[in-house]
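Here is the structure we will look at.
Residue numbers run from 1 in the order of the sequence given.
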Amino acid sequence: MIFSKNLINWYSNNKRNLPWRTTTNPYYIWLSEIILQQTQVKQGLPYYESFIANYPTVFDLANANENDVLKLWQGLGYYSRARNLHASAKYVATDLNGVFPNTYKDLLRLKGVGDYTASAIASICFNQNTAVVDGNVYRVLSRYFGIDTPINSTKGQKEFKALAQELIDKKEPAAFNQAIMEFGAVQCRPKNPQCNICPFKDSCIAFNKNRINQLPVKIKNSKAKKRFFNFLVFVSEDGRTVIEQRKDKGIWQNLYQFPLIETTDEAKTKYIKERINSLELLKDETFELWLYNKDTIVHKLSHQHLHTRFWIVQTKTLALKGISLGEIKNFPVPILIGNFIESFNFE
């Protein structure tokens with residue numbers, strides 16, 4: 001189709017110089033695609049470079065300690081991606097002798113790999129005609145063809161996948177997939193798209209009907225759940241504190257945090273003191289308690305908003321061994337905790 005040829009031509013003249021575009025090594029492509037899920041290129045690029053530097057092969061990543069992988073991932077969010085990345089590396093290294101699956105169907109067997117990622121790897125590394133559909137592709141196709149079907153509906157997902165598959169250049173599937181994603185990221189942006197210099201503006205339905213800001217259509221998610229987190233930051237006179245690992249499934253699995261008291265609303269100092277007295281961390285030890293952040297920090301996740309306070313608990317000794325204050329930066333923590341650690345300065 002003319003659309004596909006023009007898109008590939010635009011890509012050859014306008015693509016950004018990115019390190020994963022100079023290779024078809026499936027390890028590098030897989031790594032870049034996992035990192036770029038829910039993440040913009042400018043944020044993901046330094047993480048990609050760090051992972052390649054620390055784990056140049058899938059065997060290196062497979063042999064890594066999960067805590068080290070999570071620590072390197074710290075700040076990217078959606079930490080299940082990092083856990084799945086590590087699990088898949090072990091599978092490829094151990095069960096497949098380091099050889100990545102070379103078909104769309106087999107790539108789907110890797111943890112954390114869905115339709116989009118499998119399509120990207122299959123086309124870029126193995127030249128298979130499997131069309132990618134991500135946020136950028138939804139935006140380009142919905143605007144160009146004037147499609148109102150919600151992109152986060154089952155019907156929409158099937159409709160856009162079928163359309164992308166119909167449009168893909170059978171001779172250059174890798175170029176087409178990368179072109180349409182790049183076009184959405186650089187030209188047909190969510191806000192302030194560069195319509196006046198767009199090579200498709202004469203035939204773009206959204207542009208010609210003044211519907212750019214209305215497309216794509218997305219069903220609004222339910223209201224985010226409010227949660228109230230009170231982190232207890234113990235600081236003893238001999239320079240020790242306490243952290244714990246989150247083991248339950250849900251947010252931040254396997255990451256570390258300060259002891260947490262979750263409440264149904266913003267807690268008063270009296271209540272926090274009572275709860276601390278019931279813990280075994282201090283037993284009968286006296287302590288001083290003060291609130292570090294007077295203004296509650298609201299940490300927004302996709303489906304929940306964490307209203308967060310950090311309570312400093314100063315005491316002579318801890319009942320538990322804990323860790324030295326200098327060790328705290330060695331542990332993988334959520335960015336919410338990481339930002340506090342940086343501002344509090346435990347040194």
Between the CD1 atom in Ile251 and the OG atom in Ser80, the distance rounded to the nearest 0.5 Å is 12.0 Å

Take Asn84 and Arg81 through the test side chain to side chain donor-acceptor pair (under 3.5 Å) and record every step on the way to the result. CA-CA 5 Å; Asn84 289 335; Arg81 291 184 294 167; over 6 Å; no

Within the side chain of Asn54, is there an N or O that forms a donor-acceptor pair under 3.5 Å with the backbone of Ser50? yes

Go through it in stages, so that I can follow the logic: the residues are Glu33 and Tyr116, the test is side chain to side chain donor-acceptor pair (under 3.5 Å), and I'd like the CA-CA distance, side-chain angles, deciding distance and then a yes or no. CA-CA 9 Å; Glu33 292 297 343; Tyr116 161 75; 2.5 Å; yes

Can you find a side-chain donor-acceptor pair between Glu266 and Thr296 that sits under 3.5 Å? yes

Would the distance check show the side chain of Asp248 and the main-chain N or O of Gln253 forming a donor-acceptor pair, the cut-off being under 3.5 Å? no

Test side-chain contact (heavy atoms from CB on, under 4.5 Å) applied to His307 and Lys226, step by step: CA-CA 7 Å; His307 294 249; Lys226 278 187 179 183; 3.6 Å; yes

Per ring-ring contact (aromatic ring centres under 6.0 Å, His included), Phe100 is matched among Trp30, Tyr91, Phe126 by Trp30

Distance-minimising heavy-atom pair for Tyr79 and Val333: OH-O, 3.6 Å

State, to 0.1 Å, how close Gln257 and Ile337 come at their nearest heavy-atom pair, and which atoms those are. CB-CD1, 4.4 Å

Given side-chain contact (heavy atoms from CB on, under 4.5 Å), test Thr286 with Thr315 step by step and report yes or no. CA-CA 6 Å; Thr286 58; Thr315 183; 5.8 Å; no

Side-chain contact, heavy-atom cut-off 4.5 Å: Asn9 with Ser12? yes

Start with the C-alpha gap between Tyr48 and Trp20, add the side-chain angles, then the distance that decides, and say whether ring pair (Phe, Tyr, Trp, His ring centres under 6.0 Å) holds. CA-CA 9 Å; Tyr48 172 83; Trp20 48 83; 5.0 Å; yes

Ignoring hydrogens and geometry beyond distance, is a side-chain donor-acceptor pair present between Tyr271 and Asn230 at under 3.5 Å? no

Could you check if a side-chain atom of Ile276 sits within less than 4.5 angstrom of a side-chain atom of Val313, using non-hydrogen atoms only? yes

Pair Asp148 + Arg211, salt bridge at N-O below 4.0 Å: yes

Do the side chain of Asn177 and the main chain of Thr130 share a donor and acceptor less than 3.5 angstrom apart? yes

Trace of the side chain to side chain donor-acceptor pair (under 3.5 Å) decision for Lys155 with Gln157: CA-CA 6 Å; Lys155 181 184 176 183; Gln157 290 166 0; over 6 Å; no

Shortest non-hydrogen separation from Gln128 to Asn102 and the atoms involved: NE2-O, 2.8 Å

Residue pair Leu306, Phe228: steps toward the side-chain contact (heavy atoms from CB on, under 4.5 Å) verdict: CA-CA 6 Å; Leu306 310 181; Phe228 296 87; over 6 Å; no

Is there a donor-acceptor pair closer than 3.5 Å between any side-chain N or O of Glu327 and the backbone N or O of Ser324? yes

Roughly how far, to the nearest 0.5 Å, is CD1 of Ile168 from CG of Leu7? 11.0 Å

Would you say Gln314's side chain and Glu288's backbone share a donor-acceptor pair under 3.5 angstrom? no

Rounded to the nearest 0.5 Å, how far does CG of Asn339 lie from OG1 of Thr308? 11.0 Å

Is it true that atom CG of Asn13 has more than 12 heavy atoms of other residues, nucleotides or ligands lying nearer than 6.0 Å? yes

Should Phe176 and Lys170 count as side-chain neighbours, where that means a heavy-atom distance under 4.5 Å? no

Of all heavy-atom pairs linking Tyr27 and Pro56, the shortest is CE2-O, 3.5 Å

Could you check whether Arg227 and Gln304, counting side-chain N and O atoms only, form a donor-acceptor pair closer than 3.5 Å? yes

Locate the shortest heavy-atom distance separating His86 from Asn65; write the atom from each residue and the value. CE1-C, 4.2 Å

Shared hydrophobic cluster for Leu255 and Ile335 (ILVMFWY, side-chain gaps under 4.5 Å): no

How about Phe3 and Tyr144: are their ring centroids closer than 6.0 Å? yes

Just verifying a value: how many Å separate Leu70 CG and Leu85 CG, rounded to the nearest 0.5 Å? 10.0 Å

Looking only at side chains, do Asn25 and Thr23 share a donor and an acceptor under 3.5 Å apart? no

Using a 3.5 Å distance criterion without hydrogens, assess whether the side chain of Trp252 forms a donor-acceptor pair with backbone atoms of Tyr256. no

Thr317 versus Glu237, side-chain donor and acceptor atoms under 3.5 Å: no

If we only count heavy atoms from C-beta on, is the Val99 to Val92 side-chain gap below 4.5 Å? no

Using a 6.0 Å cut-off, check whether atom CG of Asp95 has over 12 heavy atoms from anything other than its own residue. yes

Quick check: does any side chain N or O of Gln165 sit under 3.5 Å from a backbone N or O of Asn129, one acting as donor and the other as acceptor? yes

Will you find, in the side chains of Ser153 and Lys218, an N or O donor that is under 3.5 Å from an N or O acceptor? no

Under a 4.5 Å cut-off applied to non-hydrogen side-chain atoms, are Pro216 and Arg139 in contact? yes

Would you please indicate if the ring centroids of Phe258 and Phe340 are separated by under 6.0 Å? yes

Between Asp115 and Tyr104, is any pair of side-chain heavy atoms under 4.5 Å apart? yes

Steps toward side-chain contact (heavy atoms from CB on, under 4.5 Å) verdict (Asn63, Tyr55): CA-CA 9 Å; Asn63 292 328; Tyr55 310 118; over 6 Å; no

Just by distance, do the side chain of Ser4 and the backbone of Leu167 share a donor-acceptor pair under 3.5 Å? yes

I'd like to know if Glu182 pairs up with Arg21 as an ion pair, taking the criterion as any Lys NZ or Arg NE/NH1/NH2 lying under 4.0 Å from an Asp or Glu carboxylate oxygen. yes

Shortest non-hydrogen contact from Ile212 toward Arg143: O-NE, 3.3 Å

With a 3.5 Å cut-off and no angle check, do the side chains of Thr149 and Glu159 form a donor-acceptor pair? yes

Aromatic ring proximity, centroids under 6.0 angstrom, Phe207 and Phe200: no

With a sphere of 6.0 Å drawn around NZ of Lys71, does it hold more than 12 non-hydrogen atoms of other residues, nucleotides or ligands? yes

Reported CD1-to-CG distance for the pair Ile261 and Leu232, which is rounded to 0.5 angstrom: 4.5 Å

Return yes when atom CD1 of Ile219 has more than 12 non-hydrogen atoms of other residues, nucleotides or ligands closer than 6.0 Å, and no otherwise. yes

Ring centres under 6.0 angstrom apart (Phe310, Tyr292): no

Return yes if some donor-acceptor pair links the side-chain N/O of Arg83 with the main-chain N/O of Asn254 below 3.5 Å, else return no. no

Roughly how far apart are Leu301 CG and His305 NE2, rounded to 0.5 Å? 8.0 Å

